[in-house]
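Before any comments, here is the structure.
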Amino acid sequence: MILDNFQSELENIGKIYKWNPTALQLKMIAKRIAANRQLMESELHVIISEECPTTIVGLFEGVDNSDLRTLIALAISVTMEDK
């Protein structure tokens, strides 16, 4: 459930157009985001593209910092769920 919420927010905030991540890939993305408490939009796109190389993202307007904080909080929840 938390992983589904994380994926949905990641798609929305990261402006993901097309992808098909595995649960393991989502967990790796969450782990990397959770470790980076000062996440910026450009770093988010790097993490996504490194963990899921076939992902297509749309580059429109910038991401709000509160959206990134929400994503970080969800990422932390995902990583805590595995412990």
Side-chain angles (χ1 to χ4, degrees):
M1 180 74 165
I2 293 175
L3 196 58
D4 291 336
N5 290 343
F6 174 70
Q7 180 176 349
S8 178
E9 283 297 316
L10 188 58
E11 290 169 353
N12 182 42
I13 294 168
K15 300 176 182 76
I16 297 172
Y17 174 69
K18 183 177 178 183
W19 75 333
N20 190 25
T22 65
L24 181 59
Q25 287 172 317
L26 287 170
K27 289 178 183 180
M28 290 302 298
I29 291 169
K31 182 178 179 180
R32 291 180 63 185
I33 290 172
N36 186 348
R37 304 292 172 101
Q38 300 298 320
L39 184 69
M40 296 176 61
E41 181 181 12
S42 60
E43 295 167 321
L44 175 61
H45 288 147
V46 168
I47 291 169
I48 292 168
S49 66
E50 287 178 353
E51 296 299 333
C52 298
T54 60
T55 299
I56 299 172
V57 298
L59 300 175
F60 304 110
E61 60 189 56
V63 172
D64 187 312
N65 284 337
S66 63
D67 290 339
L68 291 173
R69 285 191 293 273
T70 299
L71 189 60
I72 292 168
L74 281 170
I76 292 169
S77 296
V78 169
T79 61
M80 298 302 288
E81 187 176 57
D82 283 344
K83 291 186 179 187

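- Dense packing is recorded around CG of Asp4, with more than 12 heavy atoms of other residues, nucleotides or ligands lying under 6.0 Å away.
- Shown here are the side-chain hydrogen bond (donor to acceptor under 3.5 Å, both in side chains) partners of Gln7, two or more places apart in sequence or in another chain: Glu11.
- The two residues Met28 and Glu51 come nearest to each other via the heavy atoms CB-OE1, 3.5 Å.
- Scanning for side chain to side chain contact (heavy atoms under 4.5 Å, CB included) contacts around Lys31 gives Thr79, with sequence neighbours left out.
- Within the hydrophobic cluster formed by Ile, Leu, Val, Met, Phe, Trp and Tyr side chains joined at under 4.5 Å, directly or through other members, Tyr17 is accompanied by Ile56.
- With sequence neighbours excluded, the residues satisfying side chain to side chain contact (heavy atoms under 4.5 Å, CB included) with Thr22 are Leu24, Gln25.
- How far CD of Glu9 is from CG of Asp67: 7.5 Å, rounded to the nearest 0.5 Å.
- The two residues Phe6 and Ile29 come nearest to each other via the heavy atoms CZ-CG2, 4.0 Å.
- Between Leu44 and Leu10 there is a side-chain heavy-atom pair separated by less than 4.5 Å.
- Scanning both residues, Ala23 and Leu3, for their nearest heavy atoms gives CB-CD2, 3.9 Å.
- Note on Leu39: it clusters hydrophobically with Met80, by side-chain heavy-atom contacts below 4.5 Å among ILVMFWY residues.
- To the nearest 0.5 Å, the span separating NZ on Lys27 from CD on Glu81 amounts to 7.0 Å.
- Under the 4.5 Å side-chain heavy-atom criterion for grouping Ile, Leu, Val, Met, Phe, Trp and Tyr, Met40 is not connected to Ile16 through any hydrophobic cluster.
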Test log, rule side-chain contact (heavy atoms from CB on, under 4.5 Å), inputs Ile33 and Val78 = CA-CA 10 Å; Ile33 290 172; Val78 169; over 6 Å; no
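- With sequence neighbours excluded, the residues forming a side-chain hydrogen bond (donor to acceptor under 3.5 Å, both in side chains) with Glu50 are Arg32, listed by chain and number.
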For a quick test of your reading: what N or O donor-acceptor pairs under 3.5 Å do the side chains of residues 68-77 make, sequence neighbours left out?
| unit_1 | atom_1 | unit_2 | atom_2 | d |
| --- | --- | --- | --- | --- |
| Thr70 | OG1 | Ser66 | O | 3.0 |
| Ser77 | OG | Ala73 | O | 3.2 |

